[in-house]
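All figures in this text were calculated on a predicted structure; none of them were measured in a lab. Here, residue 1 is the first one in the sequence, and each next residue gets the next number.
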Amino acid sequence: MEIIHKYFKNLSDTQIEQFSKLQELYEDWNLKINVVSRKDIDELYLRHILHSLGIAKVMQFKPCTKVMDVGTGGGFPGIPLAILFPETQFHLVDSIGKKIKVVNEVVEGLGLENVKITHGRVEEVKDTYDFIVSRAVAQMETFVRWTKGKISKKQNHELKNGILYLKGGDLTEELKLYTSATIYNLTDFFDEDFFETKKVVHLGMKYKV
């Protein structure tokens, strides 16, 4: 929990309580349904929670913003972001039922009221969103195809509506089709070695192909 305080200093008492509860909730549910590896559970705040919050260093979501988390898995990056931005609406989507069960239980355990959860494929979602977030669930080209038509045209932020994608490694080949993509290195925001190759990729809704 200290690592969250290190980088996010203006948390409310409610947010501190919610972030503090995450370890216990995930440890408990991971024993029943394995969604996070043992090593990652031991380093939950670094590898999952702080990593998810890397998006918040690039984008401060305004109240009433709509964000979809595609392939949320155990709830990342959606749940940490929903704690940090309580006035933003988050829609967490995953096609794997056991993962969605854990997400439901964690959201309920935290009392988060700004999270909607769907067990299904993103292609089946009919709504539109200001931003779509994810943690490396597919190559960018595939991800763009999955989320086509799901980004709202009305702009409310300086950063264009679009995709905010947590990715790692050398992205030169993967992003060569997307000349308008902006890459943010998480080492610019976080000191820990874990973030050495970690990035946030922003791809605005007008994709140049």
Side-chain angles (χ1 to χ4, degrees), residues 1-61 67-88 90-94 96 98-115 117 131 133-137 164-169 183-202:
M1 184 59 204
E2 293 78 19
I3 204 168
I4 307 302
H5 279 298
K6 178 180 175 181
Y7 296 108
F8 296 91
K9 301 196 183 297
N10 299 316
L11 299 174
S12 68
D13 290 344
T14 299
Q15 288 170 319
I16 290 167
E17 184 184 351
Q18 288 171 328
F19 277 123
S20 299
K21 273 185 180 177
L22 285 173
Q23 184 80 40
E24 184 185 347
L25 283 167
Y26 277 106
E27 280 184 358
D28 184 39
W29 275 99
N30 217 50
L31 291 173
K32 303 168 191 172
I33 301 171
N34 191 2
V35 290
V36 180
S37 75
R38 179 69 248 177
K39 184 176 182 183
D40 281 5
I41 276 286
D42 292 341
E43 295 190 65
L44 186 73
Y45 284 93
L46 172 70
R47 290 170 173 263
H48 291 283
I49 300 167
L50 189 61
H51 188 207
S52 296
L53 295 176
I55 287 172
K57 292 297 187 182
V58 171
M59 164 56 65
Q60 291 284 305
F61 297 117
V67 179
M68 178 164 63
D69 177 7
V70 174
T72 189
F76 304 103
I79 287 175
L81 290 172
I83 294 172
L84 197 64
F85 299 105
E87 295 181 3
T88 295
F90 288 86
H91 185 184
L92 278 52
V93 180
D94 204 288
I96 300 172
K98 70 172 188 175
K99 292 182 177 180
I100 284 295
K101 180 172 174 56
V102 172
V103 171
N104 268 307
E105 296 295 341
V106 172
V107 165
E108 194 174 311
L110 296 172
L112 288 175
E113 295 180 357
N114 59 330
V115 176
I117 301 161
F131 292 94
V133 301
S134 194
R135 284 209 307 175
V137 294
L164 288 163
Y165 211 5
L166 289 160
K167 299 281 278 182
I183 299 173
Y184 300 86
N185 293 310
L186 288 182
T187 48
D188 291 344
F189 310 109
F190 303 139
D191 301 332
E192 289 72 20
D193 291 344
F194 173 74
F195 296 104
E196 199 169 312
T197 63
K198 303 288 191 293
K199 302 166 177 71
V200 176
V201 179
H202 171 247

CA sep, side-chain torsions, deciding dist, call: Leu164, Val58, side-chain contact (heavy atoms from CB on, under 4.5 Å): CA-CA 9 Å; Leu164 288 163; Val58 171; 4.2 Å; yes
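Remark: the backbone N or O of Ile83 is paired with a side-chain donor or acceptor of Gln15 at under 3.5 angstrom. Without hydrogens or angle criteria, Asp69 side chain to Val93 main chain gives no donor-acceptor distance under 3.5 Å. In terms of modelled atom types and a separation under 3.5 Å, the side chain of Tyr45 and the main chain of Phe19 share a donor-acceptor contact. Under the 3.5 Å distance criterion, the side-chain polar atoms of Asn114 are matched with a main-chain donor or acceptor of Thr88. The backbone N or O of Tyr26 lies less than 3.5 Å from no partner atom in the side chain of Asn30, so there is not a single donor-acceptor pair. Between the side chain of Ser134 and the backbone N or O of Val70 there is at least one donor-acceptor pair closer than 3.5 Å. A distance-only check finds a donor-acceptor pair linking the side chain of Gln60 to the backbone of Ala56 [under 3.5 Å]. For the pair Asp94 (side chain) and Thr72 (backbone), a donor-acceptor distance under 3.5 Å is present. Between the Glu27 side chain and the Asp42 main chain, no donor and acceptor come within less than 3.5 Å of each other. With hydrogens and angles disregarded, no donor-acceptor distance shorter than 3.5 Å links the side chain of Lys98 to the backbone of Ile96.
Considering every non-hydrogen atom in both Val201 and Lys167, the closest pair reads CG2-CG, 4.3 Å.
Under the side chain to side chain donor-acceptor pair (under 3.5 Å) criterion, no residue pair touches residues 76-86, with sequence neighbours excluded.
By the 6.0 Å contact criterion, CD on Glu108 is open, its count of non-hydrogen atoms from other residues, nucleotides or ligands being 12 or less.
Side-chain contact between Asn185 and Thr197 is absent, with no heavy atoms from C-beta onward closer than 4.5 Å.
A side-chain donor-acceptor contact under 3.5 Å links His48 and Asp40.
The distance between the ring centers of His51 and Phe194 falls below 6.0 angstrom.
Among residues two or more places apart in sequence or in another chain, the side chain to side chain contact (heavy atoms under 4.5 Å, CB included) test is passed with Asp191 by Lys6, Tyr7.
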